[in-house]
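Every chain is numbered from 1 and lettered A, B, ... according to where its sequence line falls, protein lines coming before strand lines.
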Amino acid sequence: KAGVTQTPRYLIKTRGQQVTLSCSPISGHRSVSWYQQTPGQGLQFLFEYFSETQRNKGNFPGRFSGRQFSNSRSEMNVSTLELGDSALYLCASSSLNRGIVDGYTFGSGTRLTVV
Amino acid sequence: DQQVKQNSPSLSVQEGRISILNCDYTNSMFDYFLWYKKYPAEGPTFLISISSIKDKNEDGRFTVFLNKSAKHLSLHIVPSQPGDSAVYFCAASLGDSSYKLIFGSGTRLLVRP
C-alpha cells in the first residue's frame, strides 16, 4: 500500500515569503503529525491532527500553522519565512487513535531552504 | 530544555559485533519509548518500542532495554550489519493525553564491513 506522501520534495523560498507543504497519509490513517528536523536538533514536534482537529501543538511561533481535511490530508503553512526555518519538514501518520505503540509512519519529507 | 538526550553523535562498530546506542531522558512521566532509524533522503523508520512498565523488548536483532531508575534506555543491535548504518533516534511519549513524540538529536551508526 502507498506510504505517506509529501509534496514537494524540495523547495527554495525567499525570506519574508510564505510556503505551504502538503501531506497525504496512508489510506485509512486519521492521525497526522508534523515535525521539523534541523541539523543537530533531532526532530521537533510541530502539531498533530486527528479528524480535522488539532489535538496538540509544539513550541513554535504562530507563523507555523496547519490544517487537516476531511480526507485526512494535511497541510502546513509557514508565513513570513526566516532563514532559520530552513529544515526538513516531516509528516507522519498513524491508524490508531493513540498511535504511539506502533510508531508513526513518516514520509520522506520536504526540504525547505530559505534564502 | 532537552528532555531526551543522545550524547553520542556517532558510533562505529565492526560488522558482526554488537552496536549499543544510548539515550537518556529527564521526564519520569514518559510512558512509551521508541527507536527510529533514518537513512539520508528518507523519513525515519520505526524500529522498536517499549512501554515504561517493561524493562526489555526484543524484535529479531534489535533489543531495547529500559532502566527507569537511571532514566536511561539503550538499543542493542546484534549482530550489526553494514545495512544498519544510519542515524538512530530515540523518542519518548507522555502517553494518552499527548500525541507528540519528543526526539533525541540522533546517533550516526557506521557498521564497517
Just wondering, are more than 12 heavy atoms of other shown residues or ligands nearer than 6.0 Å to [atom1] in [X]?
{"X": "A:R15", "atom1": "CZ", "answer": "no"}
{"X": "B:K54", "atom1": "NZ", "answer": "no"}
{"X": "A:I12", "atom1": "CD1", "answer": "no"}
{"X": "A:N59", "atom1": "CG", "answer": "no"}
{"X": "B:R61", "atom1": "CZ", "answer": "yes"}
{"X": "B:I53", "atom1": "CD1", "answer": "no"}
{"X": "A:R63", "atom1": "CZ", "answer": "yes"}

Let me confirm one number: the [atom1]-[atom2] distance from [X] to [Y], rounded to the nearest 0.5 Å.
{"X": "A:T105", "Y": "B:F46", "atom1": "OG1", "atom2": "CZ", "answer": "9.5 Å"}
{"X": "A:Q44", "Y": "B:K100", "atom1": "CD", "atom2": "NZ", "answer": "9.5 Å"}
{"X": "A:E48", "Y": "B:L101", "atom1": "CD", "atom2": "CG", "answer": "10.0 Å"}
{"X": "B:K38", "Y": "A:L88", "atom1": "NZ", "atom2": "CG", "answer": "5.5 Å"}

Residue [X] versus chain B: region with a heavy atom under 4.5 Å:
{"X": "A:R111", "answer": "neither"}
{"X": "A:Q37", "answer": "side chain"}
{"X": "A:Y35", "answer": "side chain"}
{"X": "A:L90", "answer": "side chain"}

pair B:F103-A:F45: side-chain heavy atoms closer than 4.5 Å: no
Would you kindly confirm whether A:Y89 and A:L83 end up in one hydrophobic cluster when ILVMFWY residues are joined by side chain heavy atoms under 4.5 Å apart?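 Linked, A:Y89 and A:L83 end up in one cluster.
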Would a distance-only check, ignoring hydrogens and angles, find a side-chain to backbone donor-acceptor pair under 3.5 Å from B:Y36 to A:Y104? yes
Heavy-atom closest contact (A:S108 atom, B:A41 atom, distance):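 A:S108 and B:A41 have their closest heavy atoms at CB-O, 4.1 Å.
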